[in-house]
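This report refers to the structure that appears directly beneath it.
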Amino acid sequence: MTVELSAVDQDRWRDPTLSARERAQALVDELTLDEKVAQLGSFWPTADVGATPRPSRDLPAAAVAPLELGLGQLTRVFGTEPISVRDGVAKLRALQREVTRNQRLGIPALVHEECLTGLAAYGATAFPTPLAWAATFDDDLVREMGRAIGDDMRAIGVHQGLAPVLDVVRDYRWGRVEETLGEDPYLVGQLGAAYVAGLESAGIIATVKHFAGYAASRGARNRGPVAMGAREFADTVLPPFETALRQGGARSVMTSSADVDGIPSTANRALLDGILRTEWGFDGTVVADYWAIPSLASVHRVAADAADAGALALRAGVDVELPSTVGFSSLARLVRDGIVDEGDIDRAAVRHLRHKIEAGLLDTASVVPHGAEDVDLDSERNRALSARIAEESIVLLEDDGILPLTVDSRVALIGPAAAEYRSLLGCYAFPNHVLARYPGHDSGITIQTIEAALHTERGIGELRFVRGCEILDDAEEIAASVRAAGESDVAVVVVGDVAGTFGAGSSGEGCDAPDLRLPGRQHDLVLAVLATGVPTVLVVVSGRPYALGEFGAARAIVQAFFPGADGAGAIAGVLSGRVAPSGRLPVQIPRSPSVTTTYLEPPSGRHDAGATVADPTPLYPFGYGLTRGCIEYVSIDAPSDVRTDGAAEIAVTVHNAGEAAVEVVQLYASFPSGTVVRPEAQLVGFARIRIPAGARRVVRFTLEAARLAATGVDGRLSVDPGTVVLAAGPSAADRACAVSVRLTGPRHVVLARAGRTAWDVDQGEDEE
């Protein structure tokens, strides 16, 4: 209930000497019920939002009156249609004036945008997709990218970014695999936390999503129901979110639009209020995924109507409805009817207004920064970072010595992805996400195709291009490709995906696959070229791993996970030898198109010929990637005993008998026995290091025992006494050296999962 305040008390929310929380509470105390509810809603000022419901383009008469009460957030002012930075800034300024001019206290709206592969706006750098970040195993570089993206957003008046995606991949057929950081919770958590830290250091509110379980839907169907046990949920799905909050400092969490075991995440009080706030101590905002609140009624049928859905979500712990106010629009009436507790509205309003205060929205006369219209969203800084990530992310899977290509070779370049720049970008990159609805519109930034990059790459011989087939349909010219290959010294076949949303692509949101065969006729195209016997290099540019088991005749295989606007140059560099490959697989490469299990399988998940003919063994395992070096894992040293509440110093010695190279030293844990089933092996640490030719390096990991915790039969996260095998190697399947360590002491219940496994490197002496 709103209370009467003295003039002095009413000014407390303007006092910059108070904490943001104190000011937010003082402001909530002054607001009326209707004004508080208005701070929990949002408005999407556009008409063209693709497959989602369509709010109006401008502020119509029906929406102006409620704006007199205030507005929580403005949705994607820059990110929904192709407008220049100057026009977008002018539009934002006009909208903020509309929000504040008739409002009693003049509180501006928070502005959010998508930023999964860079700011999703016209003219902004399209960075590599998160699956490519994960392939770098380089959290420092990901953090640097996050800071650059955040700086751009802040400079044009944006306050909140709806990224990163921390869903752990459970089935490669899921369309949004490209948006994730892979299939391992530790890797997802570390790189996700790095991106969050980068955004947050620029003053942008990072929003981790989708909380939680979204990626594990039955049949890999977008927004499908999730059937998952409590232990798998606790030990695989939740850890990256906890890491990003504790280690990265994320201030916002987005709910999932799916249901887990019959409870939609947006209505799951045990998840949002219990685990997130009570157990983890999170005090930021929970925002609902787009249309997730009305979906409680229209899809999940756990609410009678949109108003009932709004009440259900609020009680569960949702603070802000996105992208427009639908379910929350009736909250004030429900309070007056005695159905909703005003205290729940107050708590949500304090959290959201705190973010506005932290963003400086109540302390400046100019809500949009001066000079915002002149910001370059595709700066040299951005493109240099984009190129570095692209180069570090390319994974060399196979090479029998055919690479690098030579200048005197005649090259047949074959495949649809070679000539399609959209095949380099993720589904949330602006050219794919928005411009696909504007045929003929320019991309807004320079994006070279792989064909163009190879034409200009030094060291590549005479080039002839044949498309071969299409990605999204069955049109093909395979016969012409076979002729071109036969008339050449080497064939480079470039296949993969084109990203889109809701059926507009072969990868992306709503573009779930029936199996892991290459889309369209590309599988047949590759087989036809290989059948010629011409030495062939296969390049896969995709948003998910595809089954490559039938392509054993390829002399080299290169995997690129949507490497962004500068990805063509990175791929060309690997083929020419200019770029030394250093990427590692954040997901497995399947052998068969029907097998979709990830590497986190327990012993019973391994192939047993006596039990089943279905062999889940991947063609290339998690963590795998070739380099120019010849890295030997010499030894691993660890203490024989470590307390269940302690930490271990582990030394891994590696030697490079080949050329100078980057190695990703990976540390895995496995358990010979225990009270619950554990994965065959699970990543618990990694170090990306550069090793000169002939050099020996010692990587020293500091592994907290809490990193080995699992949820026990009683539902408690703990480290149990017993034996753990710690192993180091270049991939999950090649754990070259191992050591057994006894965990001693009583069972240790863990209240917070361990953070980053710290590491450093002894440089050692290099051989002559």
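Because the structure is a prediction, the values reported are computed rather than measured.
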Verify, without hydrogens or angle tests, whether [X] (side chain) and [Y] (backbone) share a donor-acceptor contact under 3.5 angstrom.
X: T266; Y: S256; value: yes
X: D15; Y: T17; value: yes
X: T136; Y: S393; value: no
X: S265; Y: T255; value: no
X: T325; Y: S42; value: yes
X: E321; Y: A288; value: no
X: Q96; Y: A109; value: yes
X: D273; Y: A316; value: no
X: R351; Y: D346; value: no
X: T129; Y: G426; value: no

Test item: [X] and [Y] side chains (from C-beta on) under 4.5 Å apart, heavy atoms:
X: L92; Y: F78; value: yes
X: M145; Y: L141; value: no
X: L119; Y: I156; value: yes
X: D29; Y: R12; value: no
X: T125; Y: D152; value: no
X: R437; Y: E81; value: no
X: I275; Y: W280; value: yes
X: L116; Y: F127; value: no

Exercise. Where do R388 and D138 land on the salt bridge (Lys or Arg N to Asp or Glu O under 4.0 Å) test, with the steps shown first?
Worked result: CA-CA 11 Å; R388 281 178 59 198; D138 191 339; 5.1 Å; no

Salt bridge between [X] and [Y], side-chain N to carboxylate O under 4.0 Å?
X: D376; Y: R381; answer: no
X: K91; Y: D87; answer: no
X: D363; Y: R23; answer: yes
X: K36; Y: E342; answer: yes
X: R315; Y: D344; answer: no
X: R143; Y: D140; answer: yes
X: D566; Y: R383; answer: yes
X: R354; Y: D283; answer: yes

Problem set entry | Close aromatic pair by centroid cut-off 6.0 Å: W44 and Y290 | yes

Exercise. Parallel, tilted or perpendicular: which fits the ring planes of Y428 and H433, with parallel below 30° and perpendicular above 60°?
Worked result: parallel

[X] [atom1] to [Y] [atom2] distance, which is reported to the nearest 0.5 Å:
X: L331; Y: D34; atom1: CG; atom2: CG; answer: 10.5 Å
X: M254; Y: L166; atom1: CE; atom2: CG; answer: 12.0 Å
X: Q73; Y: L322; atom1: CD; atom2: CG; answer: 5.5 Å
X: L105; Y: W13; atom1: CG; atom2: CH2; answer: 5.0 Å
X: S330; Y: D308; atom1: OG; atom2: CG; answer: 10.0 Å
X: L377; Y: I445; atom1: CG; atom2: CD1; answer: 10.5 Å

Seminar exercise, completed: With H159 as partner, the option from R154, H112, H355 fulfilling side-chain contact (heavy atoms from CB on, under 4.5 Å) is R154

Exercise. Can you tell which of V168, L271, L276 makes a side-chain contact (heavy atoms from CB on, under 4.5 Å) with L238?
Worked result: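 It is L271; the other options fail the test.
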
For this session: Take L181 and V142, measure what side chain to side chain contact (heavy atoms under 4.5 Å, CB included) needs, and give me the verdict at the end.
Result: CA-CA 11 Å; L181 289 154; V142 170; over 6 Å; no

Determine the minimum heavy-atom distance between [X] and [Y], stating which atoms define it.
X: G543; Y: S507; value: CA-OG, 3.6 Å
X: D151; Y: A202; value: OD1-CB, 3.3 Å
X: L71; Y: K356; value: O-NZ, 2.8 Å
X: V77; Y: G88; value: CG1-O, 4.1 Å
X: A126; Y: S386; value: O-OG, 4.0 Å
X: H210; Y: D289; value: CD2-OD2, 3.6 Å

Problem set entry | Q39/L353 under side chain to side chain contact (heavy atoms under 4.5 Å, CB included): CA gap, chis, key distance, verdict | CA-CA 8 Å; Q39 292 299 319; L353 287 168; 3.6 Å; yes

For this session: Report the C-alpha distance between F328 and L314 in whole Å, list the side-chain angles of each, state the deciding distance to 0.1 Å, and finish with yes or no for side chain to side chain contact (heavy atoms under 4.5 Å, CB included).
Result: CA-CA 8 Å; F328 276 6; L314 180 73; 4.1 Å; yes

Exercise. How far apart are the C-alpha atoms of V434 and T80, what are their side-chain angles, what is the distance that settles it, and do they pass the side chain to side chain contact (heavy atoms under 4.5 Å, CB included) test?
Worked result: CA-CA 6 Å; V434 175; T80 311; 5.7 Å; no

